[in-house]
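Here is the structure we will look at, set down as structure tokens.
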Amino acid sequence: MPNRTSVSVQLFLRRIARRLESVFFLAKTILSERNFIYLSAVAVAISCALAVIILKSFAHNVFKFANYANGYLHLPYANSTFPIIGILLTVFVVRRFLDGSIEKGSSRILYAVAKKGGIMPKKQMYAQIITSSLTVGLGGSAGLESPITITGAAFGSNYAQKYKLSQKDRILLLACGVAAGIGAAFNAPIAGVLFAIEVVLTDVSISAFIPIIISAATGALVSEVLLSQEVLLSFKQNLTFNFHNTPYYILLGILAGLVSVYHARNFRKVEHFFSRFKNNTYKKALFGASILAVLIFFFPTLFGEGYESIKTLSSPNPEVLLDNTLLENYESKQWVLLAFVGIVVLLKSFATGLTLGSGGNGGNFAPSLFVGSYLGFFVAKSIHLLGLSNTLPIANFTIVGMAGILSGLFHAPLTAIFLIGEITGGYDLMVPLMIVSSISYAVSKQFENHSMDVKALADKGEVFTSDKDKNILQSIDFLPLVDTEVKTISLEKTLEQLVEYLSTSNQAVIPVLDERNKLLGIVDFEVIRPIVFNPFRIKFTEVKEIMSQPKEIINHDDGMETIMEKFETTNETLLTVTKNGKFFGLISKVDILEAYRDKLKEMIIE
């Protein structure tokens with residue numbers, strides 16, 4: 001009976017899916033191209049908002065259950081156990097059902113935009129929901145927003161592929177999914193729009209704003225209707241700004257920038273450490289999760305997203321944070337609370353690195369808000385306890401600090417300003433938000449040219465940046481430009497045979513290969529021109545005598561920026577290309593510049 005029921009449900013869902021598809025195909029034929037994009041923006045946003053509701057509700061309920069267990073046991077045993085289970089389950093699902101791999105981090109969205117024309121794998125529409133709910137829902141010290149944005153981007157990308165939309169519209173709907181995800185996760189539509197434009201679309205036209213706004217608003221609306229308010233990160237205090245506190249906000253901005261760099265670098269170090277474990281994924285997962293469990297045992301606020309503890313810190317009774325910890329008997333000691341908060345600020349990067357590096361799935365969006373709130377509290381509380389100011393509003397600093405770290409880590413100051421403005425229910429703190437976010441961004445930018453999520457890809461030239469010329473270059477796939485049908489020669493050939501090659505071809509460079517197709521050197525016609533017209537030297541000169549080493553060799557996976565640098569440093573117009581250590585072909589600088597011109601022309605027309 002259960003099997004029959006399951007089959008019936010599947011058939012029912014398939015019928016609904018087919019009918020919806022037919023409706024959208026019909027709408028595509030009836031509506032104008034622009035109006036169909038508007039309809040599509042709504043459809044993508046609703047899908048993404050439902051995914052957000054599932055993820056957020058699951059994570060919140062597990063957190064409540066863990067707190068219940070802790071209250072019963074009076075020690076954070078449950079908090080330490082759940083993350084181990086969650087990470088191991090995540091690894092099992094990835095290995096058993098997701099082909100052994102899953103792409104993490106919002107950088108994968110940027111990679112899809114820069115290198116794949118906005119195409120994202122279908123499995124990203126469900127893989128992120130399943131794995132991140134297991135990892136973060138069961139207490140992994142990471143966030144759900146990055147998986148949410150990837151899921152939304154995958155919805156938009158695959159929707160566009162389904163209805164055969166252009167690459168430009170595909171990337172636009174991908175951005176709509178991202179905006180809807182952030183809008184739904186925080187009930188913050190403006191922040192969703194700004195995140196999509198500031199982080200995902202470095203080059204955006206005015207016509208793209210309306211679909212992105214529609215998606216963000218729809219996502220936020222669905223979240224408002226269906227998601228419990230206690231699940232969302234929101235603040236209802238009456239927050240006001242006193243300009244006399246401006247020097248302290250400046251201090252917070254500087255510290256936020258420095259802590260952002262600290263967090264990003266430590267997180268990368270921990271992830272890099274775990275990348276060495278390539279053979280036994282379960283051993284890696286158990287090892288990393290066990291260390292995380294120890295951290296959570298002593299600092300239970302590292303459990304999960306941490307949004308509940310952020311609310312606690314901004315409340316009139318922040319000492320409640322020490323409940324169900326080994327320090328709960330010291331709640332009245334203000335310096336103990338301050339030390340606890342300060343240590344957690346320093347440990348969060350390691351906790352998140354352990355969570356994701358050991359095999360869990362999540363992101364750094366929530367950790368950035370977590371660290372920011374703790375840093376803001378630490379700064380304001382320290383100033384209080386040191387007697388520098390007794391009127392400093394600690395809640396304000398706790399909230400504004402979130403914008404500081406978010407801006408510093410993601411290099412997205414506008415998103416940070418408006419996100420915190422929206423979740424606080426007003427813009428009374430707009431001035432301090434602008435001060436802290438801008439200063440933090442400026443300080444972080446001094447040490448890190450790129451945000452933490454995209455640094456590795458940006459260094460390899462695999463994502464778009466604010467440099468538009470560089471973006472155009474990166475969007476060019478150079479492999480089709482490589483001439484693979486070239487004449488080559490071996491060392492055993494005579495110079496007479498080489499001259500015969502040159503006489504039947506306009507090829508200026510002849511690669512010299514061994515029997516395994518490995519590049520030994522090149523023969524440049526311009527260099528050997530005097531020999532070619534001397535019959536005596538042709539007869540008595542060997543190929544190895546006139547062969548030279550190429551000034552630079554391009555690898556098939558080099559980025560376009562690297563390739564152009566090699567052309568500039570060598571002052572050559574033709575370079576050799578290798579693939580997996582073997583000769584692949586020749587690439588011309590003229591062909592690349594021609595492709596660049598064509599791309600630029602396409603962008604101007606669009």
Side-chain angles (χ1 to χ4, degrees), residues 114-115 457 459-462 467 469-600:
K115 293 295 183 181
L457 292 178
D459 289 343
K460 293 190 290 185
E462 293 182 343
D467 187 336
D469 288 334
K470 186 176 176 181
N471 294 345
I472 298 173
L473 274 177
Q474 288 175 11
S475 67
I476 298 172
D477 184 2
F478 92 94
L479 288 180
L481 304 177
V482 178
D483 183 4
T484 56
E485 302 295 326
V486 299
K487 290 182 179 293
T488 62
I489 194 170
S490 63
L491 281 176
E492 291 74 29
K493 298 293 182 180
T494 66
L495 198 55
E496 289 177 311
Q497 290 170 307
L498 175 61
V499 172
E500 185 181 339
Y501 278 11
L502 291 171
S503 65
T504 58
S505 169
N506 59 358
Q507 192 175 311
V509 173
I510 304 291
V512 183
L513 311 179
D514 65 10
E515 64 279 1
R516 295 182 179 178
N517 213 38
K518 184 179 179 181
L519 181 68
L520 300 176
I522 58 171
V523 176
D524 191 332
F525 177 71
E526 292 300 323
V527 175
I528 67 165
R529 185 187 293 271
I531 300 174
V532 170
F533 298 104
N534 187 325
F536 178 81
R537 295 191 67 181
I538 288 176
K539 188 173 182 179
F540 294 101
T541 304
E542 296 180 355
V543 170
K544 64 181 179 182
E545 294 180 56
I546 58 171
M547 179 183 75
S548 62
Q549 293 300 314
K551 295 179 182 178
E552 281 285 3
I553 295 176
I554 295 172
N555 194 27
H556 78 288
D557 58 358
D558 279 345
M560 283 303 302
E561 188 179 12
T562 302
I563 293 170
M564 292 307 293
E565 283 177 1
K566 289 181 178 180
F567 273 114
E568 292 300 320
T569 55
T570 60
N571 201 29
E572 296 285 345
T573 57
L574 199 68
L575 289 176
T576 54
V577 182
T578 60
K579 184 176 182 179
N580 301 324
K582 296 182 179 180
F583 176 75
F584 183 68
L586 296 173
I587 180 76
S588 167
K589 183 179 181 180
V590 174
D591 290 340
I592 294 176
L593 294 177
E594 188 71 25
Y596 176 91
R597 190 185 71 173
D598 292 341
K599 278 283 183 183
L600 184 60

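Bear in mind the structure is a predicted one, so any value in this text is a computation, not a measurement.
Note that CD1 of Ile489 and CG of Leu513 are 10.0 Å apart. Values are rounded to the nearest 0.5 Å.
Taking every heavy atom of both residues into account, Pro550 and Ile553 meet most closely at CG-CG1, 3.7 Å.
Side-chain contact between Ile554 and Phe584 is absent, with no heavy-atom pair separated by less than 4.5 Å. Contact annotation: the side chain of Thr488 never approaches that of Ile510 to less than 4.5 Å [non-hydrogen atoms, C-beta and beyond]. Looking at Glu552 and Glu572, their side chains never come closer than 4.5 Å, going by heavy atoms from C-beta outward. Within the 4.5 Å cutoff, no side-chain heavy atoms of Lys589 are placed close to those of Asn571.
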Donor-acceptor pairs under 3.5 Å, side chain of residues 514-522 to any protein atom, not counting sequence neighbours: which ones?
unit_1 : atom_1 : unit_2 : atom_2 : d
Asp514 : OD1    : Arg516 : N      : 2.9
Asp514 : OD1    : Asn517 : N      : 3.1
Asp514 : OD1    : Lys518 : N      : 2.8
Asn517 : ND2    : Phe583 : O      : 3.4

Mind listing the side-chain donor-acceptor pairs of residues 478-485 below 3.5 Å, one per line with the distance, residues two or more places apart or on another chain?
unit_1 : atom_1 : unit_2 : atom_2 : d
Asp483 : OD1    : Glu485 : N      : 3.1

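Looking at Val577, Thr578, Ile563 one by one, the single match for side-chain contact (heavy atoms from CB on, under 4.5 Å) with Asn555 turns out to be Thr578.
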